[in-house]
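In what follows, a structure is listed as structure tokens, so that the remarks can point back to it.
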Amino acid sequence: MITQLGYVGFAVTDLERWELVATKVVGLAVSARGDDGTLYLRMDEYHHRILVHPGDSDDISYIGWQVKGPAELVAMTERLRAAGVEVTPGTTEQIEVRKVRDLVRFEDPAGYAMEIFYGPLDRVHEPFVPARPMVGFKASEQGLGHVVLRVPDRDACERFYIDVLGLKLSDYGSGKLAFFHCNPRHHSLAIAPADQIPGPRRIIHIMLEALSLDDLGTAMDLCEQHGVPMLETLGKHPNDLMVSFYLETPSKFGIEYGFGGRDIDDATWEVRRYDKRDLWGHRRIAQPATAPTGHG
Ligand SMILES: [Fe+2]
């Protein structure tokens, strides 16, 4: 079974600007650089959580789901194949780039490249030092945060994530969004019907959760200081109870910068539906040629 959202990879046209936003504003640390300029971004004891590759799409390239170990990787592979999904072993290069012990790849019903892996590189002996003053990020066993993806067929994706990937339904939001979890983090993945929330990229946003409200407030100040557009003001979602604001990455999708999200206890959790996007706040800030950030 999937234990957490382990890593994500992006392909971006402006690596230099990405580095500035990721470090000076968001607070992530650059833990390594690939020969091609790939940025390895760190937020906890993992060597990296986000890989920013040079590329043309300015979109998400792959999503890495972690399992406990080799037996679980085999089990997930068999489970995917039994559902008729084509699964390919990771190449030597892919395994080296991601610095994991092993991985397999497949596409979800929306065509997103997904990977199941185990054995990420742990650098606990060199504690995470944020690139700007802050307490840090809530990650580790809860994974790196969450991603919200546009999908053409929401129902097909919902069935796939639950029945095949084994994610658990958290709740439903306004705009036909569906939220899924795999550990106490309220959601590691959410999906939105592409026709409900149109936009220039397939990914709507990635969420990173700070450990302190001051880390979040400081990020808002730093957006102003470095000319990083904010997409939405401070606000709070009714389902995950996360206080957050949204900034725009140089690739024109969002980063939700959060604090204080609720945990899910599967022993007592009940699925609910919400028809209001926000408890308060999250006023959209008009951006030329910028799409809404999506919910959650
Ligand atoms: Fe979100």
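Being a predicted model, the structure only gives us computed values, none of them experimental. As a basis for the values below, the full set of heavy atoms in this structure was taken, side chains included, without hydrogen atoms, waters or symmetry mates. Just follow the structure's listing: the first ligand is 1, and inside any ligand the first atom is 1.
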For Asp58, all residues meeting salt bridge (charged side-chain N to carboxylate O under 4.0 Å, His left out), sequence neighbours excluded
none
Taking the six-membered ring for Trp, are the ring centroids of His237 and His282 within less than 6.0 Å of each other?
yes
Would you call Glu86-Arg105 a salt bridge at under 4.0 Å N-O?
no
For the metal site, I want the angle between atom NE2 of His205 and atom NE2 of His146 with the Fe ion (ligand 1) at the apex, to 10°.
100°
Have a look at Glu256 and say which of its N, O or S atoms is nearest the Fe ion (ligand 1).
OE1
Show every donor-acceptor pair shorter than 3.5 Å between a side-chain atom in residues 24-31 and any protein atom, with sequence neighbours excluded, or say none if there are none.
residue	atom	partner	partner atom	Å
Ser31	OG	Tyr40	O	3.4
Ser31	OG	His47	O	2.6

Suppose we only count N/O/S atoms under 2.8 Å; would Asp240 qualify as near the Fe ion (ligand 1)?
no
